[in-house]
Amino acid sequence: MAVVVDAASRVLVQGITGREGAFHTRRMLAAGTNVVAGTSPGKGGQTVEGVPVFDTVATAVAATGVDTAVVFVPARFARDALLEAADGGLKTAVCITEGIPVRDMTEAAAHLARRCTTLIGPNCPGIVTPGACSAGIMPAEVFCAGDVGVVSRSGTLTYEIVAGLTAVGIGQSTCIGMGGDPVHGIGFVECLELFAGDPQTAAVVLVGEIGGDDEERAAARIRDGFAKPVVAYLAGFSAPPGRRMGHAGAIVTGASGTASAKKAALEEAGVAVAASPAEVADLVRAALRQE
Amino acid sequence: MAVVVDAASRVLVQGITGREGAFHTRRMLAAGTNVVAGTSPGKGGQTVEGVPVFDTVATAVAATGVDTAVVFVPARFARDALLEAADGGLKTAVCITEGIPVRDMTEAAAHLARRCTTLIGPNCPGIVTPGACSAGIMPAEVFCAGDVGVVSRSGTLTYEIVAGLTAVGIGQSTCIGMGGDPVHGIGFVECLELFAGDPQTAAVVLVGEIGGDDEERAAARIRDGFAKPVVAYLAGFSAPPGRRMGHAGAIVTGASGTASAKKAALEEAGVAVAASPAEVADLVRAALRQE
Amino acid sequence: MDLLEHQGKALFAAAGLPVPAGRPAGTGDAAAAVAEELGLPVAVKAQVRTGGRGKAGGVRVCRTLDEVRAAAGEILAMTVRGLAVEAVLVERAVAIAHEAYLAVVLSRAHRGPLVVFAGEGGVDVEDLARTRPEAVVRVPVDPLLGLCDYQARDVAAAAVAAAATSRTPARPTPLVEPAATAKRIAAVVHGLWRVYHDRDATLVEVNPLVITADGDVVCLDAKVTIDDNALWRHPDLAALGPEPDPRERRAREAGLSYIVLDGDIGVIGNGAGLVMSTLDQLAAAGGRAANFCDVGGGASAAAVALALELILSGPGVRAIAVNIFGGITRGEEVARGLIEALKTTPAAAGVPVYVRLAGTGAAEGRALLAAEGLVNVRLVGDVAELVRLVCAAEGA
Amino acid sequence: MDLLEHQGKALFAAAGLPVPAGRPAGTGDAAAAVAEELGLPVAVKAQVRTGGRGKAGGVRVCRTLDEVRAAAGEILAMTVRGLAVEAVLVERAVAIAHEAYLAVVLSRAHRGPLVVFAGEGGVDVEDLARTRPEAVVRVPVDPLLGLCDYQARDVAAAAVAAAATSRTPARPTPLVEPAATAKRIAAVVHGLWRVYHDRDATLVEVNPLVITADGDVVCLDAKVTIDDNALWRHPDLAALGPEPDPRERRAREAGLSYIVLDGDIGVIGNGAGLVMSTLDQLAAAGGRAANFCDVGGGASAAAVALALELILSGPGVRAIAVNIFGGITRGEEVARGLIEALKTTPAAAGVPVYVRLAGTGAAEGRALLAAEGLVNVRLVGDVAELVRLVCAAEGA
């Protein structure tokens with residue numbers, strides 16, 4: 001088992017004929033993913049890397065039974081692509097596209113929520129269940145199957161940390177790149193719920209960064225009772241304090257958004273916070289030994 | 001038991017300080033309804049017929065635990081009142097107001113659907129569970145408690161038919177005036193489902209009229225298997241054929257909307273269709289005897 | 001409220017939709033002047049608030065100004081389905097390669113708008129919907145999201161596919177640049193949606209939507225219905241309505257729903273369903289109603305009086321049936337209105353009025369009427385008796 | 001992108017929101033001219049893209065033109081939190097009876113906009129939110145519905161209630177007509193929502209929202225942040241941005257994320273998190289970064305070369321750390337970019353470049369760099385080594 005995607009997932013690549021879409025389709029296929037369809041308006045009937053291209057999500061669903069979309073379309077068209085995926089009945093939409101206007105994302109996220117389509121991203125590297133499915137742009141070669149769930153706000157940093165786990169023989173159940181945009185799909189809290197319910201996952205790694213209050217909310221969730229060990233790494237301790245315009249952010253979140261504050265909140269919840277990406281593997285090993 | 005409202009329903013009157021709102025609050029109270037709160041922006045703190053008035057639905061909910069709204073606000077403000085009721089967490093909204101723009105209703109109905117708020121109306125007389133709750137403007141004195149469920153597109157005609165039932169000793173479980181607007185809340189099909197699941201209801205009366213295809217869809221639902229006898233009355237056989245602008249209506253519904261076509265569809269589904277309102281009671285009695 | 005074609009096309013043009021150049025005209029000479037300005041050939045089209053004008057000869061293509069003058073004159077004198085032609089629209093003629101059907105319409109079943117497309121336009125589109133329902137594309141629009149671009153593209157793709165296999169005209173012309181045509185059609189779908197949404201329409205129909213030989217897309221017709229309940233948001237549109245029957249207008253201003261029919265029995269009731277039911281029962285008994293009149297919920301005495309006055313102001317009313325089931329409407333109010341009108345309207349003399357009062361205030365109303373002792377008023381017990389007596393009076 | 005107050009107020013005015021009469025000025029004399037036109041007293045306010053100007057003395061009320069000239073001159077010479085004052089806004093002074101806080105802001109937790117209101121405005125609103133969170137009204141707006149009128153009325157009701165019990169000023173003035181004031185505040189909430197939604201803002205903040213002694217409502221300040229990702233929809237707003245640092249602008253045009261810092265170690269990495277993490281580890285080891293540079297996913301050799309060139313064009317860079325974990329970014333592309341830039345940039349001579357390549361194409365990239373044999377390039381095995389060596393080089 002795993003969370004969100006597994007070997008049975010049937011993947012649709014939206015924007016498959018674009019440079020990025022085609023490149024990553026090849027990589028996802030190479031990682032053993034069931035990429036069974038792509039879409040590109042006006043390009044129906046073509047193939048990319050042997051994958052059939054359809055004009056619309058509806059026709060792709062009808063022809064191939066896809067359940068997981070990976071969205072590579074340009075930012076201006078991403079809202080529409082997500083709505084199309086949700087209306088097509090897909091279970092999961094992984095949105096790689098970056099630079100999507102916030103208003104577009106709030107609308108898309110609200111619509112996906114009522115269609116019960118799980119959203120990952122946008123501006124995210126995707127999701128990998130090692131050996132089973134890679135939906136996105138993560139380099140499959142650094143992953144190996146195992147029992148640590150990983151969820152991260154940062155892409156490259158995740159690969160670094162996962163490579164560190166893999167190097168010492170700690171495999172991963174599922175790795176989720178939740179993306180760094182202010183409005184995004186599943187976050188730390190939702191992923192913690194998913195990993196809590198996943199028998200394959202024995203421990204969880206959270207990779208956070210400055211800004212927002214996702215880490216603080218994750219800390220609150222863990223403090224309320226979380227049965228599996230959690231290890232975190234945070235980036236941005238040395239970032240200069242941002243220049244704030246107004247008071248709204250602080251009023252709304254009640255959080256300062258600094259790495260130090262996030263570290264304190266997580267440690268208070270019993271989370272081991274690594275000082276460097278390389279230290280994560282050590283802390284995970286220690287946590288799993290204690291179990 | 002009954003459907004939608006019963007003796008435990010706690011009713012909120014939106015627009016309680018208006019002429020209609022105040023008048024019908026008195027009548028609903030006289031019918032034994034638990035009218036426990038009203039709203040009228042800027043009038044919070046007053047009382048109407050002894051019922052406390054609040055500025056907002058949220059404060060009314062917090063103070064009185066209302067679960068059923070009856071909306072009397074003017075047409076221009078009805079969309080907002082319905083959204084407020086749904087966001088306030090009310091289970092049911094009964095919208096008496098007529099003349100609401102279709103666009104407003106499509107938006108309100110979509111929002112209520114995702115909030116799981118049952119909508120009755122608009123432009124409807126409301127809903128009565130005799131002896132327990134009257135939420136709307138129906139004259140409670142013509143009803144009596146019993147085992148026939150009534151759902152109607154027409155107000156006065158319903159009273160006429162219900163009075164005929166009551167006169168011969170046939171009581172009603174719940175009577176629903178679904179309203180005549182093109183976009184409305186629960187209709188024949190949804191009410192049939194509710195009555196199918198209500199142990200108190202032994203038979204159902206549908207009161208339809210020309211236009212639309214609600215009756216045709218009800219007939220299809222009954223044809224698919226409906227365990228209780230259904231009697232119908234339809235108005236509009238003598239109506240001159242409407243002047244149609246375009247083809248869209250016919251293309252969309254595939255139905256002519258005439259009373260004759262509706263009668264044929266219902267009879268094909270095994271529904272006894274009365275020739276006059278007065279005949280409904282005879283047909284119901286006959287149907288219940290056959291059971 | 002139904003708009004005339006040229007009014008609908010003005011909305012289309014404002015929304016950036018492609019419509020043929022043209023202007024309405026009220027006389028044959030004015031039509032010829034428009035044609036001269038546009039250049040020949042032109043189409044001269046009856047402007048009337050109903051369908052069916054084509055079969056009635058209300059659309060002609062003219063190649064000379066004399067033809068335009070003659071056609072416009074004839075069309076302006078026509079009626080279509082009983083409605084007078086209000087003007088002609090003179091438009092530059094369009095070279096049709098393919099015809100399709102495209103509409104945004106309120107769907108009761110979806111509780112929201114629906115985009116409807118058929119690859120074959122014209123008057124036979126309803127037959128197509130019945131015989132080959134799969135040939136009709138139906139795209140429900142989410143009221144909270146509005147039309148999505150993917151939906152417009154879906155429709156455009158269907159349109160281009162349909163044009164490629166079109167059977168109208170007999171020899172289909174291949175599209176020059178299918179992708180460009182698809183983009184134009186998607187833009188039309190967006191434009192129609194804007195008109196539908198922004199102008200509170202319940203129907204925006206283009207039939208035919210034309211694809212020309214060089215792949216252009218033109219809205220050759222425009223049928224637009226505006227939601228009457230939303231006209232307060234659109235004062236410009238509210239001003240476009242036809243002159244109503246003066247009785248119907250007075251009734252509407254008083255909150256009555258009043259429709260003139262062609263029988264000789266006046267009918268007053270409360271609630272559209274009850275009034276329709278009364279008309280049905282009259283018809284079943286061989287009677288013919290002179291009107292439909294719903295005094296509505298909670299009608300005042302004044303409204304009832306006006307209803308009676310309106311009925312009596314019409315020609316040849318031989319008897320009047322009043323059928324009231326009091327709910328919000330109170331019997332005593334109805335009685336007061338009847339008494340007032342009968343006492344002050346000379347035309348009331350000699351017209352028997354049969355009154356059935358039930359429900360709230362029925363006893364009080366009956367008592368008031370009885371106390372007044374009006375010679376031509378008769379109280380009846382139920383609807384069956386009402387119908388029987390009023391039909392008998394009519395025959396007398 | 002943060003707007004200056006006067007830019008935000010122009011959006012407010014266009015949305016029908018009440019703002020004081022005023023205009024920006026770039027010199028003391030221009031400020032005095034505006035004041036003369038408006039009438040005295042006026043407020044002279046620093047226009048700067050950050051908060052905190054009040055505490056820095058950037059807002060003065062002036063009663064004479066000489067005072068205006070002097071105040072404007074002093075304010076124009078100020079910096080606030082390191083940012084230069086770009087102009088002054090000269091506004092007619094407003095008689096304040098009550099001050100409140102009102103904003104529409106993107107809430108990550110709600111995945112949508114939130115209306116935030118506090119009955120006490122000013123700079124202490126954050127304290128209020130901490131100490132008496134119940135005094136802050138938070139109304140989430142449904143992205144698919146937009147702001148509902150009932151929500152605006154809720155906020156207005158809270159505002160009127162707050163004014164009635166206000167502690168600022170010390171002796172609260174009762175509102176003349178609370179219902180009228182509530183309507184004006186509800187209209188302000190709607191107006192702010194329109195600005196937020198229609199202009200793709202992520203923050204629209206009014207602090208203070210002023211209620212005057214006669215019950216009028218005025219937006220005395222305006223803080224507006226526009227979503228950078230949506231600027232293409234608003235070319236008028238895109239033109240309002242400040243002049244960026246030329247290096248940052250060149251970087252942005254090439255798709256790099258580049259921020260100038262004040263240390264002496266150049267940093268290049270791929271992915272914001274990885275670069276931040278590299279900076280953290282440098283800082284922990286006592287090093288100070290000269291910049292933040294994320295070459296992004298799938299960076300080309302040209303982008304990497306530009307990154308190196310930008311770093312070398314800055315003052316006092318003593319060493320450069322390159323930390324690449326190849327995913328989409330390929331190690332050989334990075335290597336090519338480094339080689340190109342190091343060979344063509346004179347400033348590269350003598351600056352040691354430590355390169356850590358891992359992931360996709362790492363072996364190929366390392367081979368390319370090794371083959372080139374550049375004297376100042378050193379390949380390292382992991383980040384710990386990278387950090388240790390680069391900090392040592394800096395110290396050298």
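So that the names make sense, note that chain A is the first sequence line, chain B the second, and so on, each numbered from 1.
- By number of non-hydrogen pairs under 4.5 angstrom with chain C, the leading residue of His111(B), Arg114(B), Glu98(B), Arg217(B) is Arg217(B).
- Looking at Glu84(B), its side chain never comes within 3.5 Å of a backbone N or O of Asp80(B) through a donor-acceptor pair.
- Of the atoms belonging to Ile324(C), not a single heavy atom falls under 4.5 Å from chain B.
- Taking chain C as the reference chain and counting heavy-atom pairs below 4.5 Å, the highest number among Ala140(B), Gly236(B), Ala259(B) is found for Gly236(B).
- Within the 3.5 Å criterion, the main-chain N or O of Gly8(C) finds no donor-acceptor partner in the side chain of Lys223(C).
- Contact annotation for Glu160(B): both backbone and side-chain heavy atoms come within less than 4.5 Å of a heavy atom of chain C.
- With chain C as partner, the option from Gly155(B), Pro182(B), Ala113(B) having the largest number of non-hydrogen pairs under 4.5 angstrom is Pro182(B).
- Here the side chains of Val48(C) and Glu86(C) are not in contact, with every heavy-atom distance at 4.5 Å or above.
- Inspection of the Asp227(C) and Thr202(C) side chains reveals no N or O donor paired with an N or O acceptor under 3.5 Å.
- The contact between Ser154(B) and chain C is made entirely by side chain atoms (from C-beta outward), counting heavy-atom distances below 4.5 Å.
- The residue among Ala235(B), Gly180(B), Gly187(B), Pro139(B) with the most heavy atom pairs within less than 4.5 Å of chain C is Ala235(B).
- Although no hydrogens or angles enter the test, the distance criterion places no donor-acceptor pair under 3.5 Å between the side chain of Asp213(B) and the main chain of Glu216(B).
- Between chain B and the options Asp200(C), Asp280(C), Leu279(C), Leu282(C), heavy-atom pairs under 4.5 Å are most frequent for Asp280(C).
- For the pair Leu203(C)/Leu106(C), no side-chain contact is recorded, criterion being any heavy-atom separation below 4.5 Å from C-beta on.
- Of the listed residues (Leu144(C), Asp228(C), Leu231(C), Thr278(C)), the greatest number of heavy-atom pairs within a distance under 4.5 Å of chain B belongs to Leu144(C).
- The main-chain N or O of Gly185(B) is found under 3.5 Å from a side-chain atom of Arg111(C) such that the two form a donor-acceptor pair.
- Within the 4.5 Å cutoff, the side chain of Leu237(C) has heavy atoms near those of the Leu240(C) side chain.
- Comparing Thr360(C), Val275(C), Leu274(C) by how many heavy-atom pairs each has under 4.5 Å with chain B, the most go to Leu274(C).
- Proximity to chain B is limited to the side chain of Ala283(C), based on heavy atoms less than 4.5 angstrom apart.
- No part of Ile161(B) comes within reach of chain C, as not one of its non-hydrogen atoms sits under 4.5 angstrom from that chain.
- Within the 4.5 angstrom heavy-atom criterion, no atom of Ala358(C) approaches chain B.
- At a cut-off of 3.5 Å, with distance as the only test, a side-chain donor of Glu205(C) or Tyr101(C) sits close to an acceptor on the other residue.
- Proximity to chain C is limited to the backbone of Ile100(B), based on heavy atoms less than 4.5 angstrom apart.
- Glu209(B) and Ser152(B) form no side-chain donor-acceptor contact under 3.5 Å, judged by distance and modelled atom types alone.
- Neither the backbone nor the side chain of Asp294(C) comes within contact range of chain B; no heavy atoms are under 4.5 Å apart.
- Donor-acceptor pairing under 3.5 Å is lacking for the side chains of Glu20(B) and Thr97(B).
- Heavy atoms closer than 4.5 Å to chain B are found in the side chain of Val383(C), but not in its backbone.
- Comparing His24(B), Arg153(B), Met105(B) by heavy-atom pairs within less than 4.5 Å of chain C, the highest count is held by His24(B).
- Only the side chain of Val142(B) comes within contact range of chain C, with heavy atoms under 4.5 Å apart.
- Side-chain atoms of Asp221(C) and Asn207(C) include no donor-acceptor pair closer than 3.5 Å.
- For the options Ala75(B), Pro277(B), Pro125(B), heavy-atom pairs under 4.5 Å to chain C are most numerous at Pro277(B).
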